[in-house]
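Chain naming here is simple, since letters A, B, ... match the order of the sequence lines and numbering starts at 1 in each.
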Amino acid sequence: KAGVTQTPRYLIKTRGQQVTLSCSPISGHRSVSWYQQTPGQGLQFLFEYFSETQRNKGNFPGRFSGRQFSNSRSEMNVSTLELGDSALYLCASSPGTSGSGETQYFGPGTRLLVL
Amino acid sequence: AQSVTQLDSQVPVFEEAPVELRCNYSSSVSVYLFWYVQYPNQGLQLLLKYLSGSTLVKGINGFEAEFNKSQTSFHLRKPSVHISDTAEYFCAVSDPSNYQLIWGAGTKLIIKP
């Protein structure tokens with residue numbers, strides 16, 4: 001099976017712009033989670049989608065949003081970018097039906113740099 | 001709110017020596033525990049996880065971890081490390097009622113030749 005893919009891998013934006021990141025889960029997986037990884041804050045949970053519905057949400061401002069399509073692909077959007085949004089954004093997928101003990105499979109991440 | 005503490009930000013160890021990476025979590029209720037590894041410029045990969053049952057969990061690449069409920073710890077061990085184990089290791093905990101993983105700050109394992 002193909003792994004989790006994320007596009008683009010690298011992105012440079014300027015403050016105030018918005019950005020959309022994409023994640024394609026492993027075939028058959030219906031849960032997609034997003035994480036932000038920074039040197040200062042480490043890994044932080046953004047949100048989790050299952051069957052096109054947001055099932056869990058972390059503690060991020062409303063500028064961070066996401067959605068999931070019927071084929072389980074997911075996008076996350078960050079509006080009005082700030083310098084502090086520079087980070088590695090990781091997407092992970094799992095079947096989504098067996099509870100939080102499921103193994104999450106991670107993509108390689110999208111590295112966002114905000115100038 | 002749950003939290004995860006990885007006591008060491010870096011652990012240097014000689015090749016073929018044993019290593020222990022420490023992880024403590026805050027919750028006293030039932031949790032699921034995970035160790036993930038992140039190799040340079042790559043995503044995260046599951047090493048092992050504890051859901052229930054035997055407190056000694058064996059994972060990939062010769063790693064194992066022991067769940068200690070009384071000490072709320074889940075330390076990761078390997079009896080003999082190799083240069084290829086150079087990576088950052090993350091401990092995580094999840095509440096069985098949701099899919100949110102709470103992460104430790106990570107421990108960089110540095111293998112000295």
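Contact annotation for residues 101-113 of chain B against chain A (heavy-atom separation below 4.5 Å, listed by residue number): L101(B), W103(B). Contact annotation for residues 82-93 of chain B against chain A (heavy-atom separation below 4.5 Å, listed by residue number): F90(B).
By the neighbour-count criterion of 12 heavy atoms within 6.0 Å, atom CZ of R63(A) is densely surrounded, having more than that number from other residues, nucleotides or ligands. With a 6.0 Å radius and a threshold of 12 heavy atoms from other residues, nucleotides or ligands, R111(A) has its CZ atom at or below the threshold. The environment of CZ in F14(B) is sparse: at most 12 heavy-atom neighbours from other residues, nucleotides or ligands sit within 6.0 Å. Surrounding CD of E16(B) are at most 12 heavy atoms belonging to other residues, nucleotides or ligands under 6.0 Å away. Counting heavy atoms of neighbouring residues, nucleotides and ligands inside a 6.0 Å radius, atom CG of N71(A) exceeds 12 of them.
In this structure, no portion of Q6(A) lies under 4.5 Å from any heavy atom of chain B. For T38(A), no part sits under 4.5 Å from any heavy atom of chain B, backbone or side chain. For L51(B), the part sitting under 4.5 Å from any heavy atom of chain A is the side chain, from C-beta outward, and nothing else. Both the backbone and the side chain of L43(A) come within contact range of chain B, each with at least one heavy atom under 4.5 Å from a heavy atom of that chain. Proximity to chain A (any heavy atom under 4.5 Å) is shown, for Q45(B), by neither the backbone nor the side chain.
F63(B) and Y39(B) fall within the same hydrophobic cluster, where Ile, Leu, Val, Met, Phe, Trp and Tyr residues are linked whenever their side-chain heavy atoms come under 4.5 Å apart, directly or through other members. Residues V4(B) and Y35(A) fall into different hydrophobic clusters, defined by Ile, Leu, Val, Met, Phe, Trp and Tyr side chains chained together at heavy-atom separations under 4.5 Å. The cluster map of Ile, Leu, Val, Met, Phe, Trp and Tyr, joined by side-chain heavy atoms under 4.5 Å apart, puts V19(A) and F60(A) in the same cluster. No chain of hydrophobic side-chain contacts below 4.5 Å, direct or via other Ile, Leu, Val, Met, Phe, Trp or Tyr residues, connects L46(A) to F50(A). There is no path of hydrophobic side-chain contacts, each under 4.5 Å, that joins F47(A) to L90(A).
Taken to the nearest 0.5 Å, the CD atom of Q100(B) stands 10.5 Å off from the CD atom of Q44(A). Distance OH/Y105(A) to CG/L46(B): 7.5 Å, rounded to 0.5 Å.
Nearest heavy atom pair, residue Q37(A) against residue Q38(B), reads NE2-OE1, 3.0 Å.
A donor-acceptor contact shorter than 3.5 Å is absent between the side chain of S100(A) and the backbone of S94(B).
With respect to chain B, the highest number of heavy-atom pairs below 4.5 Å among P108(A), G96(A), A92(A), G101(A) belongs to G101(A).
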